[in-house]
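Residues: numbered from 1 along the sequence shown.
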Amino acid sequence: MKLVVATLLLAVVVGAFKVAVEKVAPEGLASASTSPHGQAETDVRADGLVRSVRFSLARGSLRAATLADVIDTRAGEPLSAARLEADRERLQQWLVARGHLDAVVEVPTVRVGGDGAAAVEFAVDTGPLYVVRAVVLRGRHADHPGLAAVATLRPGNDAIAERIDGNVELLRDWLAHRGVTATVTARMEPDGFTGEVDVIYTID
């Protein structure tokens, strides 16, 4: 299982995917009702378009333009509750995979004007960028001569899932070339107080 999936278990639990929709009307803003299935029921026309998409960043150095490239919702395209739900999940996964293990992406807010066009806003708290505190090898083959020097992940590196996954393959292939068939897995043990994480490679 890829670490991108495993690390999602460490993130803040994401609630039921639903879209909060508000309709602009003379009497003010009103929240949409929610169906028994957790989906927001709206009176948005089927052909209603997205007027704008913006991101409200609570903290962090990421640019809104960077996050915009992650999602599929675009200005000028039809508004889709299912797409917004998928976008929220995709943003969450994207941030966690890049070391923001505590990232929280709120339910997107949608404000619909009288013309049916919608302004969409994603509230995002990226949380801290975790860094690697220690790289640990465990398992039956962990003491194989020379293996300890193979991993390229080092203390102080950002906890990027792609790099951590890459070292899984690196360790496994290095052993295979020496006639050792091993299963290599990785997991992270984060320290929320320090913003650091121990990466544990199990080599059996």
Side-chain angles (χ1 to χ4, degrees), residues 2-24 29-34 37-42 44 48-113 117-133 157-165 187-197 199:
K2 283 290 186 179
L3 188 64
V4 173
V5 176
T7 53
L8 288 176
L9 298 178
L10 302 173
V12 175
V13 176
V14 179
F17 296 124
K18 58 184 180 178
V19 181
V21 180
E22 297 174 336
K23 182 173 180 62
V24 177
L29 298 177
S31 298
S33 61
T34 302
H37 301 292
Q39 299 291 334
E41 297 176 342
T42 79
V44 179
L49 299 179
V50 176
R51 174 185 291 114
S52 63
V53 180
R54 68 184 299 269
F55 299 87
S56 175
L57 299 174
R59 53 178 164 169
S61 58
L62 289 176
R63 298 174 55 195
T66 301
L67 298 180
D69 289 337
V70 178
I71 65 174
D72 289 335
T73 299
R74 296 283 186 273
E77 296 185 356
L79 177 66
S80 166
R83 183 180 298 146
L84 290 177
E85 293 167 5
D87 283 342
R88 175 185 168 181
E89 181 179 7
R90 188 179 296 111
L91 279 171
Q92 184 92 17
Q93 293 175 346
W94 187 88
L95 289 165
V96 170
R98 280 152 185 78
H100 296 276
L101 305 185
D102 299 332
V104 176
V105 180
E106 301 289 349
V107 174
T109 298
V110 179
R111 292 184 174 83
V112 183
V120 178
E121 180 175 352
F122 288 89
V124 180
D125 185 347
T126 64
L129 174 59
Y130 278 70
V131 298
V132 176
R133 178 170 59 191
N157 290 159
D158 293 341
I160 308 298
E162 184 177 2
R163 184 168 188 177
I164 295 172
D165 280 339
R187 63 184 176 85
M188 296 196 297
E189 295 183 352
D191 184 335
F193 183 75
T194 65
E196 296 175 307
V197 62
V199 180

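Heavy-atom contacts from other residues, nucleotides or ligands closer than 6.0 Å to CZ of Arg63 number 12 or fewer.
Looking at every heavy atom in both residues, Val197 comes nearest to Met188 through CG2-CB, 3.4 Å. Contact detail for Pro108 and Leu84: the closest heavy-atom pair is CG-CB, 4.1 Å. Here the shortest heavy-atom pairing between Arg133 and Thr194 reads NH1-OG1, 4.0 Å. A pairwise comparison of heavy atoms in Leu101 and Val96 identifies CD2-O, 3.6 Å as the closest pair. When all heavy atoms are compared, the tightest approach of Ala75 to Val53 is N-CG2, 4.3 Å.
A donor-acceptor contact shorter than 3.5 Å is absent between the side chain of Glu106 and the backbone of Ala123. Not a single donor-acceptor pair under 3.5 Å links the side chain of Asp102 to the backbone N or O of Gly127. In this structure a side-chain-to-backbone donor-acceptor pair under 3.5 Å is present from Arg83 to Pro78. Not a single donor-acceptor pair under 3.5 Å links the side chain of Asp191 to the backbone N or O of Glu196.
Ile71 CD1 to Glu89 CD: the interatomic distance, rounded to the nearest 0.5 Å, is 14.0 Å. Atom CD1 of Ile164 is separated from atom CG of Asp158 by 10.0 Å, given to the nearest 0.5 angstrom. Atoms OG1 and CZ, on Thr66 and Phe55 in that order, are 9.5 Å from each other to the nearest 0.5 Å. From Arg90, atom CZ reaches atom OG1 of Thr73 across 8.5 Å, with rounding to the nearest 0.5 Å.
Within the 4.5 Å cutoff, no side-chain heavy atoms of Arg98 are placed close to those of Leu62. The shortest distance between side-chain heavy atoms of Arg74 and Val50 does not fall below 4.5 Å. The closest side-chain heavy-atom distance from Val105 to Asp87 is not below 4.5 Å. When side chains are defined from C-beta on, Val124 counts as touching Leu95, because their heavy atoms get closer than 4.5 Å. In this structure the side chain of Leu67 never reaches within 4.5 angstrom of the side chain of Phe122, judged on heavy atoms. Within the 4.5 Å cutoff, the side chain of Asp69 has no heavy atoms near those of the Trp94 side chain.
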